[in-house]
Amino acid sequence: MFNVLLVDDEPWVLEGLRTMIDWNRFGFQICGEALSAPEALKLIERLQPELVMTDIRMPVLNGLELIEHSNRTMPHPPKFVILSGYDDFGYAHNAMQQRVAEYLLKPIDDEEIEALLARLSHVIRDEYEAEHSHQMKAGIAIHYLLNRLIQDGDNHDIAEQVRKAIFIQGEPELRCLLIDTESSDVDLMKWIANHGPEGLLGCFQDSSGSLGVLLRVEQQALDDVMETAFQLQSALVQELGGPVIVALSAMGRGIQAVGELYRQSAEVCHYRRSQGRSGVFCYQELRRMADSREFPFGGGENLMSMILAGEPKPIEACLERIFAVMTDYLPDLRAIRADVADLELSLCRTIAEMNGNPDIFMNRLQEELGNLDDACNGAALKNYVRHLALQASSLLAELRKHNEHNTIFQVIQYVDREYRSKLQLQDLAQHFHMNATYLGQLFKKHAGRPFKEYLNDKRIEEAKLLLKRSGMKVSEVAQHVGFPNADYFIHKFKMTTGMLPSNYKNNVDSKLR
């Protein structure tokens, strides 16, 4: 049903409009009545009707001024139908020709108003469907672009597309909210679109299923943003009936900061989820907690480097040294557990950076040993840290091997796709954030040939197809497949195939005749 507001300073006119028309038949319901334009303005703002029927001549503020004020101040004003006497109609028509849906002369004709309502019902419904379709498409586009931006924050074209899609200019202050919940009963993206906080620019869903919310927070203090996050979390808990984590990033400037802001909120979310916590958590507080003290049992950085090295024996030896010194701290297990939680956070962040899933890692650890808080004595805590370090080391070694294979596979795919362009190993290494010498070794290992040889072979194979199937000249083929000049192409083609490109083309042509 669409809502309609009736406005006239004569109560008997309102009663007639209310009773003489079968509003439901045309998909309308009366949501309110007003005897003056100022009263109508308040009702329009509060009730958000789709249609307003208003008289022209009213005290204080007339109907035309009511329409002008609504159109000027509201982002989505209702449609207006003017009710006018014969003497007012010409004036109303001239003054409001482009601003109202229709004009009705008093006394109102039943058939005329019913025909009008039938037409307006279709118009409003079509506009709603078009707007909904537009919002859906825009939301999907923003979701896709924000994910692309997070994955490739240095891509200027993607950044510009995001900037246009969410209508921002310059470098506004932004924060990222990440919402994590176990419930799948509610479409969070749709829910946020309808109940989203002030400053909402766009939403996206990350690979773990958490919902990211990009907020514009210019001139908002952290306390105000936290209050927004608390209200959002409370509403979601009520809606879902289960635990909800809302992780808030630090503040960043401009669209280029989005990737880092997401990583901050994801770091907080992973950490709190691993603790089984629900609530609102802020990146600044997490970092302040981590930076406010040193690893109390010594060798924390050394332990982390050994975990990353992936050698079990040095890890075991390091842990023995750490826990030998740790005896002095045993009376305050809470402080030690807090520092082990920092180690968990660092490991989860590293696992995520290497495309692993820290949630699965922590869940498996806790299924085996329980939560960190369950380690109620030194021996239990030592056992927990030992399993944490060794299992993380093993997982990181697997991820390194997997990522190495995936990366070189992506490099080869990239070469297969971009072989026509001016490709250099150094440029490839920079594009994929690798050392050029190491990339060359990996490429040869996986492709079976050095990079340059593989690239030339790829270009020669494509050149053969063009020489067979197209009428292109040899020089045109050379340019098309990426060789810097025809002479170099002819030289490489003869080295590879044993004949000149022109001879190859002539042989093919003679066989076809």
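Residues Met304 and Leu343 are in side-chain contact: their nearest non-hydrogen atoms beyond the backbone lie under 4.5 Å apart. Residues Leu215 and Leu201 have side chains not in contact (no heavy-atom distance under 4.5 Å, counting atoms from C-beta outward). A 4.5 Å side-chain heavy-atom check between Leu500 and Phe493 finds every atom pair outside the cut-off. Inter-residue side-chain proximity for Met362 and Glu344 is flagged as met; some heavy-atom pair is nearer than 4.5 Å. At a threshold of 4.5 Å between non-hydrogen side-chain atoms, the residues Ile460 and Thr497 count as touching. Residues Leu388 and Val340 meet the side-chain proximity criterion, which asks for heavy atoms closer than 4.5 Å. Two residues are said to be in side-chain contact when any heavy atoms from C-beta on lie closer than 4.5 Å; Tyr454 and Lys444 fail this criterion. Looking at Lys382 and Leu319, their side chains never come closer than 4.5 Å, going by heavy atoms from C-beta outward.
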Go through Glu198 and Gln220 one step at a time and tell me if the side chain to side chain donor-acceptor pair (under 3.5 Å) criterion holds. CA-CA 11 Å; Glu198 182 182 353; Gln220 287 191 47; 5.0 Å; no
Step by step, work out the side chain to side chain contact (heavy atoms under 4.5 Å, CB included) result for Val246 and Leu178. CA-CA 6 Å; Val246 175; Leu178 199 61; over 6 Å; no
Checking side chain to side chain contact (heavy atoms under 4.5 Å, CB included) for the pair Val213/Phe204: CA distance, chi angles, key distance, verdict? CA-CA 7 Å; Val213 180; Phe204 59 94; over 6 Å; no
Side chain to side chain donor-acceptor pair (under 3.5 Å), that's the test. Do Asp487 and His491 meet it? Break it down for me. CA-CA 6 Å; Asp487 290 340; His491 171 69; over 6 Å; no
Take Asn357 and Ile351 through the test side chain to side chain contact (heavy atoms under 4.5 Å, CB included) and record every step on the way to the result. CA-CA 7 Å; Asn357 191 320; Ile351 291 168; 5.9 Å; no
Steps toward salt bridge (charged side-chain N to carboxylate O under 4.0 Å, His left out) verdict (Arg216, Glu173): CA-CA 6 Å; Arg216 186 170 189 157; Glu173 296 176 354; over 6 Å; no
For Leu396 and Leu308: C-alpha separation, side-chain torsions, deciding distance, then whether side chain to side chain contact (heavy atoms under 4.5 Å, CB included) applies. CA-CA 7 Å; Leu396 291 170; Leu308 293 174; 3.8 Å; yes
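Scanning both residues, Ala436 and Gln426, for their nearest heavy atoms gives CB-OE1, 3.4 Å. A pairwise comparison of heavy atoms in Phe443 and Arg449 identifies CD2-O, 3.7 Å as the closest pair. Residues Val481 and Ala463 come closest through the heavy atom pair CG1-N, 3.8 Å. When all heavy atoms of Met226 and Val280 are compared, the pair lying nearest together is CE-CG1, 3.9 Å. Nearest heavy-atom pair, Ser265 versus Ala247, reported as atom, atom and distance to 0.1 Å: O-CB, 3.3 Å. Nearest heavy atoms, Cys282 versus Val268: C-CG2, 4.3 Å.
At distances below 3.5 Å, not a single donor-acceptor pair connects side-chain atoms of Ser393 with backbone N or O atoms of Ala389. Side chain of Gln264 to main chain of Ala250: a donor-acceptor pair is present (N/O by atom type, distance under 3.5 Å, no hydrogens or angles). When atom types are taken as modelled, the side chain of Arg175 and the backbone of Leu261 share no donor-acceptor pair closer than 3.5 angstrom. Here the side chain of Asn503 pairs no donor or acceptor atom with the backbone of Met499 at under 3.5 angstrom. A side-chain donor-acceptor contact under 3.5 Å links Gln233 to the backbone of Val244. The closest donor-acceptor contact from the side chain of Asp427 to the backbone of Leu423 lies at 3.5 Å or more, if one exists at all.
By the neighbour-count criterion of 12 heavy atoms within 6.0 Å, atom CD of Gln238 is sparsely surrounded, having that number or fewer from other residues, nucleotides or ligands.
Taking OG from Ser210 and OH from Tyr262, the interatomic distance works out to 7.0 Å, rounded to the nearest 0.5 Å. How far CD1 of Ile307 is from CG of Leu395: 11.5 Å, rounded to the nearest 0.5 Å. Taking CG of Leu439 as the reference point, atom CG of Leu425 lies at 5.0 Å (rounded to 0.5 Å). How far CG of Leu381 is from CG of Leu372: 6.5 Å, rounded to the nearest 0.5 Å. Taken to the nearest 0.5 Å, the CG atom of Leu177 stands 7.5 Å off from the OG atom of Ser249. To the nearest 0.5 angstrom, Asp180 atom CG is 11.5 Å from Leu236 atom CG.
Not a single side-chain contact (heavy atoms from CB on, under 4.5 Å) links Ser234 to another residue, sequence neighbours left out. Checked against side-chain contact (heavy atoms from CB on, under 4.5 Å), Pro312 has the following partners two or more places apart in sequence or in another chain: Leu390. Residues forming a salt bridge (Lys or Arg N to Asp or Glu O under 4.0 Å) with Glu316 (at least two apart in sequence, or on another chain): Arg386. For the salt bridge (Lys or Arg N to Asp or Glu O under 4.0 Å) test, no residue two or more places apart in sequence or in another chain qualifies with Glu50.
Using a 4.0 Å cut-off between charged side-chain N and carboxylate O, Lys464 and Glu461 make a salt bridge. Ionic pairing of Arg253 and Glu171 is not present here: no N-O contact between side-chain nitrogen and carboxylate oxygen is shorter than 4.0 angstrom.
Applying the salt bridge (Lys or Arg N to Asp or Glu O under 4.0 Å) definition to pairs two or more places apart or across chains, those involving residues 406-425 are Arg420-Glu462. Within the structure, the salt bridge (Lys or Arg N to Asp or Glu O under 4.0 Å) test picks out no pair touching residues 470-483 (sequence neighbours left out).
Ring geometry for Phe432 versus Tyr414: interplanar angle over 60°, hence perpendicular rather than tilted (30 to 60°).
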